[in-house]
Amino acid sequence: MIFNNQYIQERIKKSEKLREIGINPYPNKIQKGTPATQFLAENQDLLSIEDEIKIDQSREYTLTGRIKLMRVMGKASFANIEDASGVAQLYFSRDDLVEGFYNDIVKKLFEVGDIIQAKGYPFVTQTGEITLHCIELTLVTKAISPLPEKFHGLQDQELRYRQRYLDMIMNSEVKKTFVMRSRIVSLVRRFFEDHHFLEVETPMMHPIPGGANARPFITHHNALDVERYLRIAPELYLKRLIVGGMEAVFEINRNFRNEGMDHTHNPEFTMIEFYWAYRRYDDLMRITEALFDYLFDTIGLERKLPYGELEIDFTTPFAKVPYLQSITTIGGVAEEIATDKIKAISYLKANGVEVDANLSLGYIQAELFDTFVESKLTNPTYITDFPIDISPLARRSDENPNIAERFELFIAGKEIANGFSELNDPIDQYERFKAQVDTKDATGDDEAMHMDIDYVKALSYGMTPTAGEGIGIDRLVMMLTNQHSIRDVLLFPAMKPELPKEELLPIIDAEMICKKCGHDMIEDLKPAKKGKGMFCIDVNACKERATNK
RNA sequence: GACUCAUUAGCUCAGCUGGUAGAGCAAUUCACUUUUAAUGAAUGGGCCCAUGGUUCGAAUCCAUGAUGAGUCACCA
């Protein structure tokens with residue numbers, strides 16, 4: 001049982017006692033009181049009263065919040081309560097409350113973790129803290145689980161992620177990070193709206209995964225009996241909207257990639273993608289700089305921000321370095337090596353990187369870039385002029401057919417944004433998809449793109465010359481809040497299941513097998529539409545298994 | 001996916017070269033009417049992550065596994 005812990009049992013007993021004496025531990029009609037910080041701000045003037053007793057009984061306040069600390073000293077007590085705004089101190093004594101309430105209820109049945117409402121008037125304590133002198137106390141919500149230790153708080157990284165609400169209660173700076181995240185997302189949205197972009201919502205479940213190189217999550221639509229892919233990028237849908245006549249659109253939402261997790265990767269992450277008709281990739285670089293200026297100015301951030309050991313200078317305009325040049329000047333790879341596939345492969349091998357010789361020069365250069373350049377890009381830097389063959393959706397440069405009108409923005413060695421002039425030649429697009437499919441066949445690269453005929457068809461009706469860009473919101477927030485793990489900017493980061501084996505096994509034995517064929521791979525099963533039990537998603541495979549039995 | 005580290009009371013942590021468990025906070029009881037992690041006294045609280053192995057004896061040593069963190073690899 002989840003509540004069989006001794007501490008929880010103690011608290012449940014208190015909850016029952018409250019009910020016995022007619023106090024509902026979970027009352028409904030409670031109004032939120034004055035925010036704690038507002039209470040403190042409005043009574044600052046008490047501090048300057050010359051009198052020995054700084055008090056104003058004519059002022060009346062109601063505060064609501066969670067008890068974080070309680071100091072009981074016989075017939076009087078102090079408590080710190082916290083609400084969304086901050087912490088305020090309460091004072092209550094036996095003689096100021098209804099007779100018996102202090103001794104029998106406050107001291108015995110109220111405790112740290114409970115949410116209470118306090119009515120009273122402000123005064124200043126001997127140690128100079130503005131405090132609410134309570135004349136009435138009401139229980140708002142009983143907490144039957146105790147809070148973690150009051151001084152050290154919740155330190156266990158795992159518990160902090162799994163029980164984020166506890167992390168937020170105990171570690172106030174966590175809340176600050178997420179308030180900042182919300183602010184950034186809101187400002188990004190406002191920035192694009194102010195620039196006359198239209199916010200849209202495109203499908204999260206795609207019949208063909210596209211718009212990026214990544215392995216998708218697969219799910220099943222029962223009614224249509226088809227596979228669906230959680231989107232890896234909204235790109236191809238947003239560009240269909242440009243074809244349809246929307247000339248500036250953006251979408252801020254989740255993308256899903258079925259890949260490894262680490263401190264910069266979560267299986268679901270947030271991106272903004274925006275598409276802008278009659279613009280080119282250099283317009284994107286300018287508007288991205290304008291976005292950073294807007295964020296920094298509106299939030300009031302210094303242009304030089306610490307990031308761990310680093311200091312990052314966000315002063316615009318950002319540096320621009322062409323792809324090949326970055327490999328030679330920043331990566332320190334000789335040009336004759338960087339432009340020769342055979343030499344580049346052996347150079348990589350000498351540095352411990354194995355690459356598939358079937359790959360084209362562009363892919364090999366991408367390896368050179370990833371190995372020797374990326375981690376060195378600390379200050380915001382645009383890497384421009386990408387090899388065309390690693391840019392299947394970007395427009396070819398008019399001047400040089402081997403490079404794409406594309407850039408990526410790097411900060412602190414991480415890719416933050418990716419933008420390009422969009423390819424709008426439907427026949428060229430078809431050929432590029434085909435080349436990707438061939439790569440997939442030749443190298444088994446299951447992240448290469450699929451052929452999306454419907455998208456090519458959309459292009460065939462004519463898409464205006466368009467520029468489009470994606471910015472990783474999680475990483476952006478990491479940079480601006482000096483957080484080094486994506487999990488610290490995600491409210492609920494992805495975690496492995498925590499149930500120990502012993503608890504999982506009985507469930508699997510009893511429930512998690514197909515009722516028809518006895519198949520026991522959980523990922524192949526779906527719950528019965530009516531009644532209990534599980535059945536195979538793939539009906540044909542199920543029949544086959546059943547007959548083989 | 002590879003390597004390194006961690007996992008002991010509700011929480012934060014000790015626990016030596018193997019001898020069956022300790023503190024602070026929290027809880028319970030008592031004292032205390034201006035405290036700031038309040039204080040003082042007493043009491044209760046443990047499948048030492050799991051499973052094997054070595055051993056007379058394992059929280060401690062070894063193996064395997066689980067979860068988390070960090071480095072690297074892949075990706076945004």
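Letters go in sequence order (proteins before strands), and every chain restarts at 1.
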What is the distance, rounded to the nearest whole Å, between atom [atom1] of [X] and atom [atom2] of [N]?
X: A:H133; N: B:U35; atom1: NE2; atom2: P; value: 15 Å
X: A:F151; N: B:A37; atom1: CZ; atom2: P; value: 8 Å
X: A:N103; N: B:U29; atom1: CG; atom2: P; value: 13 Å
X: A:D104; N: B:U29; atom1: CG; atom2: C1'; value: 16 Å
X: A:K54; N: B:U34; atom1: NZ; atom2: C1'; value: 14 Å
X: A:L109; N: B:A27; atom1: CG; atom2: P; value: 13 Å
X: A:M261; N: B:A73; atom1: CE; atom2: C1'; value: 16 Å
X: A:Q163; N: B:G68; atom1: CD; atom2: P; value: 14 Å

How far does the [atom1] atom of [N] sit from the matching atom of [M], given to the nearest Å?
N: B:U60; M: B:U54; atom1: P; result: 15 Å
N: B:A59; M: B:U51; atom1: P; result: 12 Å
N: B:G24; M: B:U43; atom1: P; result: 12 Å
N: B:A27; M: B:A63; atom1: C1'; result: 40 Å
N: B:C11; M: B:U29; atom1: C1'; result: 22 Å
N: B:A23; M: B:C32; atom1: P; result: 28 Å
N: B:U7; M: B:U17; atom1: C1'; result: 23 Å
N: B:U20; M: B:U55; atom1: C1'; result: 15 Å

Stem segments of RNA chain B by first residue number [Watson-Crick or G-U, under 3.5 Å, at least 3]: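 When the pairs of RNA chain B are grouped into runs of at least three, the stems are B:1-7 with B:66-72, B:10-13 with B:22-25, B:27-31 with B:39-43, B:49-53 with B:61-65.
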Side-chain N or O of A:R71 versus OP1/OP2 of B:A38: is the shortest distance under 4.0 Å?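 The answer is yes; a side-chain N or O of A:R71 sits under 4.0 Å from OP1 or OP2.
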Are OP1 or OP2 of B:U28 and a side-chain N or O of A:K14 less than 4.0 angstrom apart?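 Looking at the OP1 and OP2 atoms of B:U28, one of them is under 4.0 Å from a side-chain N or O of A:K14.
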Just to verify, what does [X] make a ring pair (Phe, Tyr, Trp, His ring centres under 6.0 Å) with, not counting sequence neighbours?
X: A:F256; result: none
X: A:F192; result: A:F197, A:F250, A:F274
X: A:H206; result: A:Y237
X: A:F369; result: A:Y323, A:F410

Electrostatic pair [X]:[Y] at N-O distance under 4.0 angstrom:
X: A:D474; Y: A:R181; answer: yes
X: A:E268; Y: A:R254; answer: yes
X: A:E158; Y: A:R162; answer: yes
X: A:R59; Y: A:D45; answer: yes

Could you name each residue pair satisfying salt bridge (charged side-chain N to carboxylate O under 4.0 Å, His left out) that touches residues 67-79 of chain A, not counting sequence neighbours?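 Sorted pair list: A:K68-A:E82.
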Counting neighbours of CD on A:E199 that are heavy atoms of other residues, nucleotides or ligands and sit closer than 6.0 Å, is the number greater than 12?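 More than 12 within 6.0 Å, yes.
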Residues forming a side-chain hydrogen bond (donor to acceptor under 3.5 Å, both in side chains) with [X], sequence neighbours excluded:
X: A:S58; answer: A:D56
X: A:R11; answer: none
X: A:S172; answer: none
X: A:E42; answer: A:Q38, A:Y61

Does the B:U35 base have a donor-acceptor partner in the side chain of A:Q126 within less than 3.5 Å?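 Between B:U35 and A:Q126, which were checked side chain against base, a qualifying N/O pair under 3.5 Å is absent.
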Counting heavy atoms from C-beta on, name the nucleotide in B:C32, B:U28, B:A38 closest to the side chain of A:E10.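 For the A:E10 side chain, the nearest candidate turns out to be B:U28.
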Relative to the 5' end of RNA chain B, which residue comes earlier, A:L69 or A:E374, by the nucleotide with the nearest heavy atom?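 Looking at the nearest nucleotide for each, A:L69 comes out on the 5' side.
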On RNA chain B, nearest-nucleotide positions of A:M70 versus A:K107: which is more 5'?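 Going by which nucleotide is closer to the 5' end, it is A:K107.
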Once you apply a heavy-atom cut-off of 4.0 Å, does A:D96 come out as touching a base, just sugar-phosphate, or nothing?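 Counting heavy atoms under 4.0 Å across all strands, no contact is made by A:D96.
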Need one value for A:V112: base, sugar-phosphate or nothing, where a base atom within 4.0 Å counts as base even if backbone is also close, heavy atoms only.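 No contact at all - A:V112 keeps every heavy atom at 4.0 Å or more from the nucleic acid.
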Taking syn as within 90° of 0 and anti otherwise, name the glycosidic form of B:U7.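 Classified anti.
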Base, backbone or nothing for each nucleotide of nucleotides 3-12 of chain B, written B, S, -, heavy atoms under 4.0 angstrom, 5' to 3'? -------BBS
N/O-N/O pairs, protein side and nucleotides 69-72 of chain B side, under 3.5 Å:
unit_1	atom_1	unit_2	atom_2	d
B:A69	OP1	A:R487	NH1	2.5
B:A69	OP2	A:R487	NH1	3.0

